[in-house]
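Keep in mind that the numbers below use all heavy atoms, side chains included, and drop hydrogens, waters and symmetry copies.
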Amino acid sequence: MVRLELDQVVMRRMKEEDIEAVKALIKEGCEGTENRLILHILTRPLCLFVLAIFSSILRCLVHSFILALAIPVFLLIVFLKITMPRSTGVLGSSRPYWDYVGSSYRGAQDDVLENPYCRISGKAAVTKKSKRRIGSKDKDKENSTEKVTPEREQAAGQVWVAESEGEIVGCIFRESGTRAGIGRICRLVTSCWYRREGLGRLLVQTLEHRERESGGHRVYAHIPYPSKVGEAFFRKVGYHQLGEETNDKDEKEMALESPERGFLGYALTKVFYKDL
């Protein structure tokens, strides 16, 4: 496997022609997350109790113990699959899906985040023409026909992509700010070929630097509940789980920044924060 040279990574805003590549990256990076969330909900005590009640009722109607046990579980899984945010949406956001077209950058020149590794090595990261996927040309034409107003663009948020040798190897989603000085990371994904090489840390820290420069003082990150890897990563880069420290400030923030909740009110995400 070729080692990723971090000083040659360009971090820029996503454009419309990048949308299909970003969606594919998210699908690859979040594979299995939805199933783990469903399993997490199914194994909660209250959920097991509700399923047991429905199974008991069905046992009186169905002459098969296995069917009486399996039917409620199957119906609940289908319900959760339909109602839970999809892999192309954004978990932890106030919206059920992400507006990819609205969050695409339309400037003449790329909006680029400063790469600290370039300053250390003295090299300049080179932007190459992005590799296009087969069939993406028609998709781009469909996307470009949508009208994007300034209001929609402001509300859509931002997607930053990490590009190396013309290939998108990572991305980070920042939801549009609803509170002054507060940023929110909704999704962070790196390609499976370039994990554990510092790419995720680079994306988070450069976005934090941009937030600090624009007057931000705190960044939140929403992490899927069963993701131990995601939790360990954000703790490693200096984040703390909201609510771990019991003080008045945390209590006020918990009322304003609550986790995404699913069936029976069980939390689907954990909220982490970092003061800049």
Side-chain angles (χ1 to χ4, degrees), residues 10-27 29-30 82-114 127 129-133 135-163 166 168-189 203-204 206-222 256-261 268-269 271 276:
V10 177
M11 288 160 292
R12 59 172 177 81
R13 286 280 302 277
M14 180 189 72
K15 298 181 179 180
E16 281 195 41
E17 57 262 30
D18 302 322
I19 290 176
E20 293 306 311
V22 170
K23 284 185 176 181
L25 185 66
I26 292 168
K27 186 176 181 181
C30 299
I82 295 172
T83 58
M84 193 172 288
R86 309 302 299 171
S87 60
T88 53
V90 58
L91 196 59
S93 169
S94 56
R95 294 161 293 176
Y97 63 92
W98 188 267
D99 185 359
Y100 286 92
V101 176
S103 59
S104 299
Y105 183 68
R106 290 169 180 79
Q109 294 183 341
D110 287 343
D111 187 5
V112 180
L113 294 174
E114 181 184 355
T127 305
K129 190 175 181 181
S130 300
K131 298 176 182 178
R132 301 175 67 83
R133 293 176 175 268
S136 64
K137 189 174 181 179
D138 295 334
K139 293 274 188 179
D140 292 341
K141 286 181 179 179
E142 292 176 9
N143 292 333
S144 60
T145 58
E146 292 189 39
K147 185 179 179 181
V148 180
T149 61
E151 293 78 15
R152 177 182 173 183
E153 190 173 356
Q154 179 67 27
Q158 300 173 352
V159 179
W160 297 86
V161 299
E163 189 177 66
I168 293 176
V169 295
C171 61
I172 187 168
F173 286 46
R174 181 200 180 278
E175 192 175 17
S176 57
T178 54
R179 292 190 286 157
I182 301 294
R184 178 194 266 187
I185 298 172
C186 295
R187 173 161 283 157
L188 170 67
V189 180
L203 280 165
V204 171
T206 49
L207 185 59
E208 288 173 357
H209 182 69
R210 172 64 68 94
E211 291 290 326
R212 194 181 298 112
E213 283 186 334
S214 60
H217 59 84
R218 175 174 279 199
V219 176
Y220 285 99
H222 285 251
L256 296 171
E257 193 75 20
S258 59
E260 181 86 0
R261 296 192 177 275
L268 299 179
T269 62
V271 182
L276 303 177

State the [atom1]-[atom2] distance between [X] and [Y], to the nearest 0.5 angstrom.
X: Glu20; Y: Ile168; atom1: CD; atom2: CD1; result: 11.0 Å
X: Glu153; Y: Gln158; atom1: CD; atom2: CD; result: 9.5 Å
X: His222; Y: Glu175; atom1: NE2; atom2: CD; result: 8.0 Å
X: Ile172; Y: Arg187; atom1: CD1; atom2: CZ; result: 12.0 Å

State, to 0.1 Å, how close [X] and [Y] come at their nearest heavy-atom pair, and which atoms those are.
X: Cys171; Y: Leu203; answer: N-CD1, 3.9 Å
X: Leu207; Y: Leu113; answer: N-CD1, 4.2 Å
X: Trp160; Y: Asp111; answer: CZ3-O, 3.3 Å
X: Val169; Y: Leu25; answer: C-CD2, 4.1 Å
X: Ser103; Y: Met14; answer: OG-CE, 3.7 Å
X: Gly102; Y: Ala156; answer: C-CB, 3.4 Å

Between [Y] and [X], is there a side-chain heavy-atom distance shorter than 4.5 Å?
X: Glu211; Y: Arg174; value: yes
X: Arg152; Y: Val101; value: yes
X: Tyr105; Y: Asp18; value: no
X: Glu114; Y: Thr206; value: no

How would you list, by chain and number, every residue that makes a side chain to side chain contact (heavy atoms under 4.5 Å, CB included) with His217, sequence neighbours excluded?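 For His217, the residues satisfying side chain to side chain contact (heavy atoms under 4.5 Å, CB included) (neighbours in sequence not counted) are Ile182.
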Please check if the side chain of Arg106 supplies one atom and the backbone of Ser104 the other of a donor-acceptor pair under 3.5 Å.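 Yes; judged by distance alone, with no hydrogens or angles, the pair exists.
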